[in-house]
**Q** 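Dropping the structure in here first, questions after.
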Amino acid sequence: MWFAAALAAAAADAFGAGEAFDDVATGLAFGGVVSMVLLRLGRPLTMSFLDAAMGACAVGSLAVTTGAELPATLAAVAVAAALGLARWRVTIALGCGLVGVVALGEAPLLAALPFIAAVWVPEPEAEEGPSFSPVVLASILAFAGTALTLLVIGQFVSLPPVAATLATVTVLTGMARAGLTIVERLRASERDAVTDDLTGLGNRRYLLSRLGESISDKDHEVALLLIDLDGFKELNDTLGHSAGDEVLRQIGPRLHDALREGATLARLGGDEFAVVLDPGDEASASATGLRVRAALERSFGVGGIRVHIDASIGIALFPEHADDALGLLQRADVAMYEAKRTRTGHEVYLPARDHHSRRRLELLGELRDGLASDELVLHYQPKADIATGEVHGVEALVRWVHPRRGLLMPSDFLPLADHSGLGRSLTAYVLDRALQEIGDRRRHGFDLSVAVNLGPADLLDLGLPSDIDRALEKRRFPPSCLRLEVSEDVVMADPERTLEVLAGLRAIGVATALDDFGAGHVSLGHLKQLDLDEIKIDRSFVMRLADDARDAAIVHTTVDLGRRLGMRVVAEGVETLETWDTLAGLQCDEAQGFYLSRPMTATALTGWLRDRAAAPPAA
């Protein structure tokens with residue numbers, strides 16, 4: 001429409017309607033070009049308006065000084081202004097429009113072709129680009145240089161008043177633009193200082209600032225939630241950091257949707273996020289924690305596969321737990337680690353648990369050295385066939401002989417290994433030691449298999465089967481005599497990937513078992529797909545088997561289910577003869593527990609097996 005009107009005005013001028021129509025034509029054509037810029041790029045930035053003003057004034061002052069005709073001057077001014085508005089991002093259609101504007105000043109009838117091309121050439125969708133580029137900088141310097149040169153020349157020769165005025169406006173506009181650029185850069189720097197580059201959320205500095213503002217009012221409670229993603233390091237190590245970054249970018253919007261209006265969400269770094277509830281008490285913080293974990297239950301799409309992420313959340317309250325921002329953050333961290341250790345999902349800070357934080361930091365620094373120094377040892381708990389009482393298998397259980405703290409149980413350091421990325425190294429250590437020690441017993445005539453537990457990081461590693469195969473070959477241990485146990489929580493971290501890893505283990509002849517069955521979230525559908533060799537009934541059902549009819553029903557059902565699915569069923573936590581006899585009546589396959597034997601070293605196991613062979617127990 002603009003271009004058509006411009007052509008009509010040019011035609012009117014050509015047929016003698018008046019020279020003013022030529023100027024009107026240029027103005028209408030300029031309007032058409034501006035409308036093209038607005039349609040493609042949207043409303044220009046303030047900087048772009050200043051660039052357009054600089055270009056128009058600089059070109060206008062130069063044209064007036066050189067004595068150019070008014071139509072040509074207007075055309076040149078229009079082109080310079082349009083380029084400034086478009087941030088010098090010229091497309092074919094815009095270029096045709098600019099050519100038409102120039103043609104109006106010299107050969108109006110020839111402007112029709114470029115105008116028609118500008119209308120009919122398809123405009124690509126504008127991609128977001130920088131507001132400031134080398135081309136923009138060069139044009140600004142050229143405009144400013146032109147204006148300053150004309151003003152200097154004006155000190156020696158007489159310039160047309162219009163040219164001097166336009167040159168002065170150019171310089172003043174350039175100064176305004178420089179000032180605005182500095183202000184914008186300062187604002188951008190401030191935003192960058194408190195913004196996480198990857199997720200666009202606030203960072204640690206932003207969180208501490210907002211938390212400080214919230215607790216400045218001592219008259220109301222404030223809640224801080226520290227969110228740590230479970231298994232995220234293993235995902236990073238297995239799929240690469242790009243996959244981890246993709247998950248982190250998806251987490252921000254999910255958490256936002258789970259939070260109430262006014263809550264502050266920030267990423268502290270790595271896989272840690274934080275939420276400030278102002279106001280917030282223990283009840284609202286716990287409810288928020290449940291919503292956050294529910295939002296993370298849906299799988300994330302990464303690189304064509306689906307991965308599952310859970311979270312452990314620690315909660316600290318102001319002023320009950322601390323009266324400053326850093327203190328709240330430290331208390332929330334203690335609570336978060338307690339939630340991770342107990343696998344409860346979220347925990348509120350308790351002063352009595354604060355010693356765990358300091359002890360955890362010390363152990364974390366010592367665990368890697370402990371692995372390198374062979375401070376970790378294995379104890380073995382026998383598993384017996386319930387029908388015959390014969391022992392043909394043991395489970396390897398790791399212990400840490402700490403030089404200062406004595407013998408540490410797995411619960412004291414396994415969560416540390418999983419959280420710090422040592423899980424795979426610890427599994428490799430335990431596997432190699434178990435194959436070596438039980439292999440020695442096999443060579444001394446004891447027909448034993450050994451079960452080794454896998455951690456969260458192991459089943460995310462598609463290279464696990466080949467690693468296991470190399471370890472078996474190194475120790476010359478038969479694959480059929482190795483059993484790898486996985487817990488329900490580990491399986492559900494990524495069921496699809498777990499299926500692939502378990503299939504690889506079956507391919508090399510290694511048996512697999514589902515540990516602690518009934519205590520996690522594995523569905524019957526998953527149980528069928530996993531194609532396991534063995535399920536182990538969680539001790540919480542077995543220990544009360546003789547006294548609780550409901551536990552007895554669960555155990556009975558599980559034994560029947562396992563047998564129908566072609567799996568061996570092992571009962572953990574057998575501590576009494578009565579429980580053993582009950583399991584025998586249910587036709588459970590194997591049992592392990594204190595009634596049979598407590599875990600023991602490899603050396604003690606040899607003596608125990610010899611004594612048992614010489615005088616078999618009544619069981």
Side-chain angles (χ1 to χ4, degrees), residues 370-371 374-386 388-402 406-414 417 426-455 458 468 471-472 474-487 510-516 533-534 536-539 542 568 570-575 580 589-617 619:
L371 275 171
D374 282 340
E375 293 175 2
L376 277 71
V377 299
L378 299 188
H379 287 190
Y380 299 92
Q381 186 167 42
K383 298 190 298 181
D385 186 287
I386 293 180
T388 65
E390 295 180 356
V391 175
H392 293 296
V394 295
E395 180 180 358
L397 303 170
V398 65
R399 306 286 189 262
W400 185 2
V401 184
H402 195 281
L407 190 67
L408 299 181
M409 295 293 105
S411 60
D412 294 319
F413 60 90
L414 282 184
L426 182 59
T427 298
Y429 179 93
V430 172
L431 177 67
D432 183 70
R433 180 62 63 88
L435 296 181
Q436 176 189 356
E437 293 183 341
I438 300 304
D440 289 343
R441 272 76 203 155
R442 288 180 58 82
R443 284 185 284 275
H444 284 83
F446 298 105
D447 182 18
L448 291 177
S449 65
V450 63
V452 174
N453 290 277
L454 298 180
D458 299 313
I468 299 291
L472 290 167
K474 172 186 175 183
R475 294 299 179 184
R476 297 181 180 180
F477 197 93
S480 59
C481 294
L482 173 63
R483 194 170 302 272
L484 297 175
E485 298 185 3
V486 295
S487 69
V510 173
T512 53
L514 184 62
D515 199 11
D516 303 327
D533 300 284
E534 178 181 290
K536 302 182 71 174
I537 306 175
D538 187 70
R539 67 180 63 249
V542 176
R568 290 183 62 81
V570 180
E572 298 181 287
V574 178
E575 297 188 356
W580 181 285
D589 294 299
E590 287 185 305
Q592 69 181 92
F594 290 171
Y595 173 70
L596 185 64
S597 172
R598 291 179 177 273
M600 65 192 86
T601 65
T603 302
L605 175 65
T606 301
W608 184 86
L609 289 171
R610 285 173 178 163
D611 292 343
R612 187 176 179 83

**Q** First locate atom CG of D533, then atom OG of S480, and finally report the distance between them rounded to the nearest 0.5 Å.
**A** 11.0 Å

**Q** Drop me the distance from D515's CG to E534's CD, to the nearest 0.5 angstrom.
**A**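 Going from CG on D515 over to CD on E534, the span is 9.0 Å.
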
**Q** Compare all side-chain heavy atoms of L397 with those of V430 and state whether any distance is below 4.5 angstrom.
**A** no

**Q** Quick one, I438 and L482 - any side-chain contact, counting heavy atoms below 4.5 Å?
**A** no

**Q** Check whether any side-chain heavy atom of D589 sits under 4.5 Å from a side-chain heavy atom of V570, and report yes or no.
**A** no

**Q** Considering only heavy atoms from C-beta outward, does the side chain of L514 approach that of V486 to under 4.5 Å?
**A**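 Side chain of L514 against side chain of V486, heavy atoms only: contact under 4.5 Å found.
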
**Q** Would you call R612 and V391 a side-chain contact if the rule is heavy atoms closer than 4.5 Å?
**A** yes

**Q** Distance alone, cut at 3.5 Å: any donor-acceptor contact between the side chains of Q592 and E572?
**A**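 The answer is no; no qualifying pair exists.
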
**Q** Under 4.0 Å between a side-chain nitrogen and a carboxylate oxygen: does that hold for K383 and E390?
**A**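 Looking at K383 and E390, the cut-off is not met.
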
**Q** Would you say the side chain of R399 lies within less than 4.5 Å of the side chain of P410, judging by non-hydrogen atoms?
**A** yes

**Q** Search all heavy atoms of A396 against all heavy atoms of V452 and return the closest pair with its distance.
**A**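 Taking A396 first and V452 second, the nearest heavy atoms are CB-CG2, 4.4 Å.
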
**Q** Which atom names give the shortest non-hydrogen contact between G370 and W400, and what distance separates them?
**A**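 For G370 versus W400, the nearest heavy atoms are CA-NE1, 4.3 Å.
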
**Q** Looking at D432 and K474, is there a salt bridge between them, counting it only when a charged N and a carboxylate O are closer than 4.0 Å?
**A**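 Yes.
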
**Q** Determine, stepwise, if the pair I468 / L484 fulfils side chain to side chain contact (heavy atoms under 4.5 Å, CB included).
**A** CA-CA 10 Å; I468 299 291; L484 297 175; 4.2 Å; yes

**Q** Side chains of R483 and T512 only: does a donor on one sit below 3.5 Å from an acceptor on the other?
**A**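 No donor-acceptor contact under 3.5 Å links the two side chains.
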
**Q** Are D374 and R433 close enough, and set up right, to give a salt bridge (Lys or Arg N to Asp or Glu O under 4.0 Å), and what steps lead you there?
**A** CA-CA 10 Å; D374 282 340; R433 180 62 63 88; 3.6 Å; yes

**Q** Quiz question: by atom type and distance under 3.5 Å, do the side chains of D458 and T427 form a donor-acceptor pair?
**A**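 A donor-acceptor contact under 3.5 Å links the two side chains.
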
**Q** Can you measure from CG (N453) to CG (D516) and round to the nearest 0.5 angstrom?
**A** 8.0 Å

**Q** Run the side chain to side chain contact (heavy atoms under 4.5 Å, CB included) check on H379 and R598 step by step: do they pass?
**A** CA-CA 9 Å; H379 287 190; R598 291 179 177 273; over 6 Å; no

**Q** Measure from the side-chain N and O atoms of T606 to the backbone N and O of A602, and report whether any donor-acceptor pair falls under 3.5 Å.
**A** yes

**Q** Identify the two heavy atoms, one from Y595 and one from E575, that lie closest to each other, and give their separation to 0.1 Å.
**A** CB-C, 3.5 Å

**Q** I need the E395 CD to S449 OG distance, nearest 0.5 Å.
**A**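 With rounding to 0.5 Å, CD (E395) is 11.0 Å from OG (S449).
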
**Q** If I compare all heavy atoms of Y380 with all of T601, which pair ends up nearest, and what's the gap?
**A** CD1-C, 4.3 Å

**Q** Is a salt bridge present between R442 and D447, judged by a nitrogen-to-oxygen distance below 4.0 Å?
**A**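 Here R442 pairs with D447 in a salt bridge, since their nearest N and O are under 4.0 Å apart.
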
**Q** How many angstroms lie between atom CZ of F446 and atom NE2 of H392, to the nearest 0.5 angstrom?
**A** 12.5 Å

**Q** Tell me the closest heavy-atom pair linking G439 and F477, and the distance in Å.
**A** N-CE1, 3.7 Å

**Q** Are any of the side-chain heavy atoms of L448 and L605 separated by less than 4.5 Å?
**A** yes

**Q** Test R568 against D385 for side chain to side chain contact (heavy atoms under 4.5 Å, CB included), laying out the working first.
**A** CA-CA 11 Å; R568 290 183 62 81; D385 186 287; 3.9 Å; yes

**Q** Which heavy-atom pair separates R443 from R475 by the least distance, and what is that distance?
**A**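 That would be NH1-O, 4.1 Å.
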
**Q** Is the shortest heavy-atom distance from the side chain of E437 to the side chain of L378 under 4.5 Å?
**A** yes

**Q** Using side chain to side chain contact (heavy atoms under 4.5 Å, CB included), reason through L454 and E485 one step at a time and then give a plain yes or no.
**A** CA-CA 6 Å; L454 298 180; E485 298 185 3; over 6 Å; no

